[in-house]
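In what follows, chains are A, B, ... by sequence order, proteins preceding strands, each numbered from 1.
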Amino acid sequence: MVKVMFMGTPMFAKRILEQLYLEENAEVIAVVTQPDQPVGRKQVMTPPEVKVLAQQHNTPVYQPVKLRKEYGELLSLGADMIITCAYGQIVPNEVLNCVPLGAFNLHASLLPKLRGGAPIQRAIMNGMMKTGMTLMKMSSRMDAGDMIAKSEVEIEQSDDYGTLEEKLMDSGVKLLHEWFDRLCAKDYTAEPQKEEEATFAPIIRPEEEKITFTGNYRDVYNHIRGLLPRPGVYAKVEDRKLKFWHVSVSEMTTDRPDGEILPFIGGNLCVALAGRVLVFEEVQYEGKKRCAARDFKNGVGRTLVGKRFY
RNA sequence: CGCGAGGUAGAGCAGUCUGGUUAGCUCGUCGGGCUCAUAACCCGGAGGUCGUUGGUUCAAAUCCUCCCCUCGCAA
C-alpha cells in the first residue's frame with residue numbers, strides 16, 4: 001500500500017479524492033484542505049467538500065491557514081506520495097520533497113495552456129474548442145511542473161462552466177485511475193512544459209460577472225456561459241441588477257441596438273447584440289428569487305421591453 | 001444590531017406614500033368556441049385569512065408595533 005497525502009478543497013478535488021479511496025494500492029493517510037469558511041448571508045461556517053468526505057472515511061484532516069508556515073506536522077506523517085487537486089495554496093518545497101514517490105497534481109487544462117485558478121471558466125470564455133486534464137509533477141511554480149499525461153475533452157457549443165466541469169471531473173478521475181499504479185512504480189516519463197506556449201487563467205474577478213452587451217455576440221455568449229451556473233452574471237437596467245442563469249444564441253437577427261430588451265419570445269428574455277439575439281430562459285431580478293423568464297415576463301419583465309442594459 | 005429590496009389567488013406583479021364601491025393586471029388552470037394550424041384568438045368559470053401579532057380608526061392590503069421568512073449587496 002502506498003500512503004497518500006491528498007491536498008484539495010472544492011467539489012472538483014472531492015471527486016479526485018473519492019477515486020483515491022477506491023484505488024486498491026492507495027491508503028489515504030492525511031487530507032490537507034483549506035480552513036472552514038463563513039458562507040452566505042448568515043456567515044455559517046462551512047467545511048470544504050473535501051473535508052466532509054475525508055471525515056466520512058475517518059481520515060485525519062489538516063487545515064492550515066498558511067501552509068507556507070504551518071507544514072511541520074505534515075512532514076512527519078510518513079506519506080509516500082502527495083496528490084493535489086485544486087488545493088488553493090502554494091505547497092512549500094519542503095513538503096513536496098518529503099515524500100519518496102513524489103508529489104503530483106491534476107490540473108483542469110491542457111498545459112501549458114491556462115495555468116492558474118480558473119482554467120475551466122477561461123477555456124470557455126476564450127472560446128476554445130477543447131481543453132482537458134493534465135497529470136503533472138509538482139514544482140515550486142504554480143502549474144509549471146513536468147507533464148506526465150493528458151486527456152482531452154471537447155468543449156461543446158452548449159457547454160457552460162457547470163457541464164464542462166462535470167466532464168473534466170470524470171476525465172480527471174479516469175486519468176488518475178489509469179496512472180496511479182504507474183506513479184507508485186515510478187513507471188512514467190515527465191515532459192517539461194514549453195514556457196513560451198504558456199497562457200494563464202487567473203481567477204474570476206468580481207467585475208467580470210457584469211456583462212456588457214457590446215462587441216461580438218459570440219464573445220459575450222462565451223463570457224456568460226463560462227460563468228454559469230457559478231458565480232453567475234448580471235447586467236443593469238432601470239438601476240437594478242438582473243442576473244442571468246441561462247443563455248443561448250438565437251438564429252434570429254435584429255436591427256435593434258446592442259443591449260436592448262426585445263419582446264419576449266416563447267416566454268424567454270431576448271436581448272439584441274450585434275444584430276443577433278441572446279436568449280435567456282432563467283433570470284433573477286434584484287431583490288427577487290430566480291425564476292423562469294416566463295414568470296419574469298408576467299411581472300416586472302414586461303415593463304422593461306424596449307429598455308437597454310448598461 | 002453591516003446596507004438595501006420584498007412577502008397580495010398555482011406563478012410573476014400592480015395597488016400601500018394621498019386609509020373607504022364587487023382587491024386589479026399578465027400567465028397558468030378548468031369549461032366552451034373559432035381556426036388547416038399555432039407560444040394564436042374569442043367567451044366563461046374556479047381560485048386570495050392581502051406573511052404573522054397587537055394597536056389606531058366608523059373603516060386597514062394601505063398608518064403604527066412585534067415577530068417570522070425570502071432575496072440583492074457587503075464580507
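Within residues 224-231 of chain A, no residue has any heavy atom under 4.0 Å from RNA chain B.
Side-chain N or O atoms of A:R225 include one that pairs as donor or acceptor with a backbone N or O of A:Q157 at under 3.5 Å. Judged purely by atom type and a 3.5 angstrom limit, A:N126 uses its side chain to pair as donor or acceptor with the backbone of A:R122. Of the possible donor and acceptor atoms, one in the side chain of A:T46 sits under 3.5 Å from a partner among the backbone N and O of A:V44.
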- [ ] List the protein contact pattern of nucleotides 69-75 of chain B with one symbol per nucleotide (5' to 3'): B for base contact, S for sugar-phosphate-only contact, - for none; contact means a heavy-atom distance under 4.0 Å.
- [x] -SBBBBB

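Residues A:E165 and A:R230 are paired through a salt bridge, judged by an N-O separation under 4.0 Å between the basic side chain and the carboxylate.
Cation-pi geometry between A:K243 and A:Y234 is not satisfied (NZ or CZ under 6.0 Å from the ring centre, within 45° of the ring normal). Under a cutoff of 6.0 Å and an axis angle of 45°, A:R276 and A:Y217 form a cation-pi pair.
Ring centroids of A:H246 and A:F280 are separated by 6.0 Å or more, keeping the two rings apart.
For B:G31, the paired base is B:C43 (Watson-Crick or G-U wobble, both distances below 3.5 Å). Nucleotide B:C71 has B:G4 as its partner under the Watson-Crick or G-U criteria, with both atom distances under 3.5 Å. Remark: B:G20 base-pairs with B:C58; criterion is Watson-Crick or G-U wobble with both hydrogen-bond distances under 3.5 Å. A 3.5 Å limit on both hydrogen-bonding distances identifies no Watson-Crick or G-U partner for B:A14.
Taking atom P on both B:C42 and B:C25, the two are 14 Å apart, rounded to the nearest angstrom. Rounded to whole Å, the separation between the P atoms of B:U29 and B:A40 comes to 10 Å. Remark: the separation of the C1' atoms in B:U21 and B:C13 is 24 Å, to the nearest Å. The gap from the P atom of B:A61 to that of B:G20 amounts to 10 Å, rounded to the nearest Å. Comparing B:G55 with B:C67, their C1' atoms are spaced 15 Å from each other, to the whole Å. Look at the P atom in both B:C3 and B:A39: the space between them is 50 Å, to the nearest Å. For the C1' atoms, the distance linking B:U62 with B:G15 amounts to 9 Å, nearest Å. Nucleotides B:A75 and B:U26, compared at atom P, are 43 Å apart to the nearest Å.
In this structure, A:F213 and A:A235 approach most closely via the heavy-atom pair CE1-CB, 3.8 Å.
The CG atom of A:L242 sits 15 Å away from the P atom of B:G12 (whole-angstrom rounding). Distance, A:L304 CG to B:U26 C1': 15 Å, rounded to whole Å. Rounded to a whole Å, the NZ atom of A:K297 is 14 Å from the P atom of B:C13. In this structure, A:E282 places its CD atom 14 Å from C1' of B:A11, rounding to the nearest Å. For the pair A:N298 CG and B:A11 P, the computed distance is 13 Å after rounding to whole Å. For the pair A:R302 CZ and B:U26 P, the computed distance is 7 Å after rounding to whole Å. Distance, A:F264 CZ to B:A40 P: 16 Å, rounded to whole Å. The CG-P distance, from A:D295 to B:U29, rounds to 12 Å in whole Å.
For the pair A:R240 and A:G266, nearest-nucleotide mapping onto RNA chain B gives the more 5' position to A:R240.
Under 3.5 Å, the side chains of A:N105 and A:T84 contain a donor-acceptor pair of N or O atoms.
Taking a 6.0 Å sphere around CZ of A:R115, one finds it holds more than 12 heavy atoms contributed by other residues, nucleotides or ligands.
Of all nucleotides listed (B:A39, B:C13, B:A5), B:C13 comes nearest to the side chain of A:V300.
Relative ring orientation between A:F244 and A:F309 is described as perpendicular, the plane-to-plane angle rising above 60° on a 0-90° scale split at 30° and 60°.
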